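Working notes, structure below.
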Amino acid sequence: MSSLPIPPTAKYPVARRASRRRRNAPGLVAGALAALLACSTVFAAPAVTVTNARIRLLPGDLPLAGYFDLANHGKRAVTLTAASSPEFKMVHMHRSIEQDGKSMMVPAGNLEIKPGDTLRFAPGGYHLMLMNRVKPLKVGNEVPITLRFADHKSLRVMFEVKGAETQ
Amino acid sequence: MRRIIGTLHQRRWLALMSIALMAGLAACSQPKHWVLQDINGLMPTLQFNLTDQDGQTVNASNYRGKIVLLYFGYTHCPDICPATLGTLSLALHQLGADADKVRVLFVSVDPKRDTTAVLKQYVTAFGPQFVGLRGSDDQLESLTKRYRVAYSRDKPDTQGNYLVTHSSAVFIFDGTGKSRLLALSATKAGDIVHDLKLLISGG
């Protein structure tokens, strides 16, 4: 699971709770701050988490699909705008649609995820189209993909490379 | 009092009988409980002339005796085509040894990029029952027209990439080449397994 670490300055619930605690118990300030600095990702609650991140491997240099579940635990909507990876020269956010019994792909555009919602990239719907591998991939490899959001935050997610029958 | 009870009994008996009769009639009108869409004989029998992934010229007679799943797609399709073939692959896994009674014919609607070498690598990734087929534009057109399958190719972009629109249908034929069932890209593997088992058992 990957998560967006929230910097202490961000206006997210946990950061606010931490500052309140600081006012109530000044003696703990130094220790709490030191801990926050030492491992801020552990202390910060993840506003956005990604699970089930997977890539369906196909032979040669055929375009691949990346899928994941993106959950927004924060109090504000987040907007997924793009994705990129050092392992692929091109990454597009696409959506498969069916019209009159025909399958086709259209650009996904910007995708807003409301608080409490989960956006699923799954077969037959949204998918990352991963083109032009930088190097050959094998089942079991872990591939980093960075998801970019409208507020200039980004989230680096490790995707597991799985077999052709991956759903 | 005894008379009333008797009447109630008779009424209940009558009600039960009529329910049983209705159920029986319903069963008669649907002798096979297909999950997929029943297209028994509604589509033309399996017929084509194409080249397989080993470069061999093949036609429908090469697959007589096998249950054939016919699907149109292209290998540069990242989502729907491998998702559909993946579902079929899972279904065949669940059939165990009976999977050998089935062949999945993947017909490329993008033969320019889908050479026999590309097709061979591609179908091998899904299983030994998968066959990759390609042909000339004329051969492809006569097959797609036969099954009223529409497809179109976009203009290539600056990098030469282009999208292809294609049918989401999986046509299922029995061992004699007769059209029997229709699945779609979104059909679940379990539903396909259910109907393939029926077909294999002579349904």
Side-chain angles (χ1 to χ4, degrees), chain A residues 52 54-68 83 85 87-108 120-133 136-141 143 145 159 161-167, chain B residues 71-94 109-110 113-115 117-127 130 132 147-154 157 159-170 182 184-189:
Chain A
N52 212 10
R54 61 214 189 268
I55 292 171
R56 182 198 297 107
L57 186 63
L58 296 173
D61 195 23
L62 291 173
L64 307 180
Y67 305 113
F68 55 91
S85 170
E87 298 291 335
F88 297 93
K89 287 185 187 151
M90 234 192 296
V91 180
H92 289 161
M93 297 204 305
H94 275 175
R95 182 181 201 179
S96 294
I97 54 167
E98 248 192 75
Q99 240 167 42
D100 309 322
K102 284 194 293 180
S103 304
M104 59 187 86
M105 288 196 301
V106 293
R120 285 182 213 288
F121 271 52
Y126 292 115
H127 57 274
L128 295 177
M129 177 160 153
L130 312 164
M131 295 177 78
N132 304 118
R133 285 165 232 190
L137 295 172
K138 284 188 306 194
V139 170
N141 284 164
V143 172
I145 294 178
F159 280 64
V161 177
K162 295 183 157 191
E165 72 295 337
T166 300
Q167 296 291 301
Chain B
Y71 178 62
F72 297 83
Y74 65 113
T75 67
H76 280 69
C77 161
D79 181 44
I80 284 287
C81 307
T84 307
L85 295 177
T87 300
L88 300 180
S89 177
L90 284 176
L92 293 187
H93 269 291
Q94 288 175 38
V109 294
D110 184 19
R113 286 187 292 193
D114 291 342
T115 60
V118 169
L119 279 173
K120 191 178 173 85
Q121 270 194 323
Y122 188 73
V123 292
T124 305
F126 291 97
F130 288 72
Y147 297 102
R148 293 171 229 148
V149 168
Y151 66 97
S152 58
R153 296 173 212 136
D154 281 0
D157 66 14
Q159 274 106 18
N161 299 312
Y162 51 92
L163 293 178
V164 180
T165 299
H166 58 104
S167 161
S168 55
V170 179
L182 177 70
L184 295 172
S185 292
T187 305
K188 299 266 177 277

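These numbers were taken from a predicted model, which means no experiment stands behind them. In what follows, every chain begins at residue 1, and chains take the letters A, B, ... in the order their sequences are listed.
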pair D79(B)-Y67(A): side-chain heavy atoms closer than 4.5 Å | yes
Would you mind checking which part of D154(B) comes under 4.5 Å of any heavy atom in chain A, side chain (CB onward), backbone (N, CA, C, O), both or neither?
-> neither
Roughly how far, to the nearest 0.5 Å, is CE of M129(A) from NE2 of H76(B)?
-> 8.5 Å
Does T87(B) reach the side chain of Q167(A), with side-chain heavy atoms less than 4.5 Å apart?
-> yes
Using non-hydrogen atoms only, which part of T84(B) is less than 4.5 Å away from chain A: side chain, backbone, both, or neither?
-> neither
Applying side chain to side chain contact (heavy atoms under 4.5 Å, CB included), run through N132(A) and Q159(B) and close with a yes or a no.
-> CA-CA 11 Å; N132(A) 304 118; Q159(B) 274 106 18; over 6 Å; no
Using a cut-off of under 4.5 Å for heavy-atom pairs, which of A65(A), P63(A), G60(A) has the most such pairs with chain B?
-> P63(A)
State, to 0.1 Å, how close Q121(B) and P59(A) come at their nearest heavy-atom pair, and which atoms those are.
-> O-CG, 3.3 Å
Side chain, backbone, both or neither: which part of S89(B) has a non-hydrogen atom closer than 4.5 Å to chain A?
-> side chain
Distance in Å, L184(B) CG paired with S103(A) OG, rounded so as to fall on 0.5 Å steps | 9.0 Å
Once you round to the nearest 0.5 Å, how far does NZ of K102(A) lie from OG of S167(B)?
-> 9.5 Å
Could you state the interatomic distance from OG (S152(B)) to CE (M104(A)), rounded to the nearest 0.5 Å?
-> 7.0 Å
Per-residue contact mode, L64(A) against chain B (heavy atom under 4.5 angstrom) = backbone
Whatever's closer than 4.5 Å to a heavy atom in chain A on V164(B) counts as backbone
Rounded to the nearest 0.5 Å, what separation is found between the OG1 atom of T165(B) and the CE atom of M105(A)?
-> 9.0 Å
Do the non-hydrogen side-chain atoms of R56(A) and P78(B) ever get within less than 4.5 Å of each other?
-> no
For chain B, which of Q99(A), E165(A), H94(A) has the most heavy-atom pairs under 4.5 Å?
-> E165(A)
Just wondering, do P82(B) and L58(A) contact through their side chains at under 4.5 Å, heavy atoms?
-> yes
